[in-house]
Amino acid sequence: MQNYITELNKLKENASFRSIKNIDEKFSKYILSENKKMLNFSSNDYLNISTNRDLISEFCEKYKNHPEFLFSSASARLLTGNSSCYRALEEKFATLFNKERALLFNTGYQCNQSIVSTLFTKSDCIFSDKLNHASIVSGLKLSPATHFRYKHNDYDALERLLITHRNKFQNAIIISESVFSMDGDIADIKKLVELKKKYNCLLMIDEAHAFGVFGDNLTGVSRELNLSCDVDIFTVTLGKSLASCGAVAISNNIIIDYLINKASGFIFSTALPSVNILWSKFLLDEKFDFLLKQKEKLNDLFKRVHKIYPTVSSSQIIPVVLGDAEKTKSMAQYLQSEGFYVLPINPPTVPVGTSRLRLSLTSDIQFEEIRELLEKVNCNISG
Ligand code: PLP
């Protein structure tokens with residue numbers, strides 16, 4: 001046990017020790033923790049749907065007698081954990097992204113890890129942005145393929161790697177998030193498409209933080225740029241803007257059939273409860289206009305915020321980089337005491353020396369509330 005204790009003590013010394021916070025209640029843009037009501041700046045519920053009681057009541061009223069209104073699938077999809085709503089939701093995603101097929105996974109983590117670790121052999125190679133999510137990094141470690149991690153959003157660096165290494169391997173893929181989860185900056189998907197074509201690679205884009213926030217039909221950055229045909233695999237998590245759970249891989253028939261047959265994260269895991277699938281479908285099929293309205297509000301909000309607080313971000317995720325982990329922790333505590341639920345993000349989630357507050361904006365937050373928060377940050381730094 002001593003090795004664990006030593007490691008945990010090291011994390012405590014670096015202000016990087018993680019513990020699970022007590023949260024009593026969440027409602028709309030608020031959070032109640034330890035009897036304090038705060039504005040929630042730390043949620044991925046970007047469209048403020050997850051606690052919308054009117055929507056939840058309407059859904060339950062309408063679907064409570066539906067045969068698929070069940071809280072457990074009790075089995076993997078390939079056994080008895082399947083019913084018609086799963087296929088219907090997958091078809092919905094395939095249509096939204098203009099692709100042939102889609103496949104549900106239980107989490108975005110499982111989805112990314114499964115795809116990256118399953119699709120490539122030791123004759124193949126993977127080019128991955130250095131700031132890609134931990135689930136992609138985990139997939140890289142599990143994959144027999146050789147991988148190269150290029151400097152974040154640095155396409156010259158990527159091209160140098162492609163020039164040096166691409167020809168040594170059979171198949172290759174480039175992987176990037178669209179909206180990056182810790183900086184809120186956006187990959188240049190057009191450039192990635194150009195490189196994938198020039199060097200004969202596949203392209204995978206994780207639209208986790210873009211789905212629901214970008215694109216006329218909510219599908220994210222690539223579709224907004226009309227590039228969805230050139231992206232070979234999309235991944236989308238359903239626990240953020242869609243206020244549900246699970247994730248979906250969206251691609252062509254061959255890739256999806258391959259995942260169904262080879263991805264252990266799909267094959268050997270109990271399927272999501274069908275009630276969640278119904279809920280995701282209800283939101284997409286019946287509440288799409290409401291989602292679009294929330295999306296427009298959020299876009300207006302973050303564009304105004306970028307004008308008064310310019311950062312690398314072009315999205316709803318605003319990094320307030322303070323550098324030092326201890327300083328970031330005490331700033332977060334101060335903001336919480338002032339009624340803003342902001343959390344510190346420290347290494348290893350972000351690179352050493354870039355500890356930050358990650359402000360996550362949601363549709364129902366008001367511009368003045370953000371201005372007040374940013375003023376408090378500035379006063380605290382200069383004071
Ligand atoms: N991809 C990105 C970019 C993420 O930020 C996350 C989670 O935050 C995931 C994937 C994992 O999704 P999930 O929370 O559904 O496991």
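Indexing begins at 1, ligand by ligand and atom by atom, following the structure's order.
- Of all atoms in ligand 1, numbered sequentially from 1 with element shown, those under 4.0 Å from a heavy atom of Gly108 are 11 (C), 12 (O), 13 (P), 15 (O), 16 (O).
- A salt bridge is absent between Lys196 and Asp230: the closest approach of a Lys/Arg side-chain nitrogen to an acidic carboxylate oxygen does not fall below 4.0 angstrom.
- Classification of Glu159 and Lys198 as a salt-bridged pair holds, one side-chain N sitting under 4.0 Å from a carboxylate O.
- Closest protein heavy atom to atom 4 (C) of ligand 1: His133 CD2, 3.2 Å.
- Of all the heavy atoms in Glu224 and Gly215, the pair that sits closest is OE2-N, 3.3 Å.
- In terms of protein heavy atoms, atom 12 (O) of ligand 1 is closest to Thr237 CG2, 3.1 Å.
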Are Glu296 and Lys293 close enough, and set up right, to give a salt bridge (charged side-chain N to carboxylate O under 4.0 Å, His left out), and what steps lead you there?
CA-CA 5 Å; Glu296 290 308 326; Lys293 221 169 76 196; over 6 Å; no
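- Atoms of ligand 1 found under 4.0 Å from any heavy atom of Asp206 (numbered from 1 in listed order, with element): 1 (N), 2 (C), 3 (C), 10 (C).
- Contact between Phe302 and Ser314 at its shortest, heavy atoms only, is CE1-O, 3.7 Å.
- Here the heavy atom of the protein found nearest to atom 8 (O) of ligand 1 is Lys240 NZ, 2.6 Å.
- Heavy atoms of other residues, nucleotides or ligands lying less than 6.0 angstrom from CD1 of Ile254 number 12 at most.
- A donor-acceptor contact shorter than 3.5 Å is absent between the side chain of Lys297 and the backbone of Asp364.
- Closest to atom 5 (O) of ligand 1, if we only count protein heavy atoms, is His209 NE2, 2.6 Å.
- Residue Asn112 approaches ligand 1 through these ligand atoms, each under 4.0 Å from one of its heavy atoms: 1 (N), 10 (C).
- For ligand 1 and Ala208, the ligand atoms under 4.0 Å from any heavy atom of the residue are 1 (N), 2 (C), 3 (C).
- For ligand 1, the atoms sitting less than 4.0 Å from at least one non-hydrogen atom of Tyr109 are 11 (C), 12 (O), 13 (P), 16 (O), numbered in the order shown with element in parentheses.
- Contact analysis leaves Gln110 out of contact with ligand 1, as no non-hydrogen atom separation drops below 4.0 angstrom.
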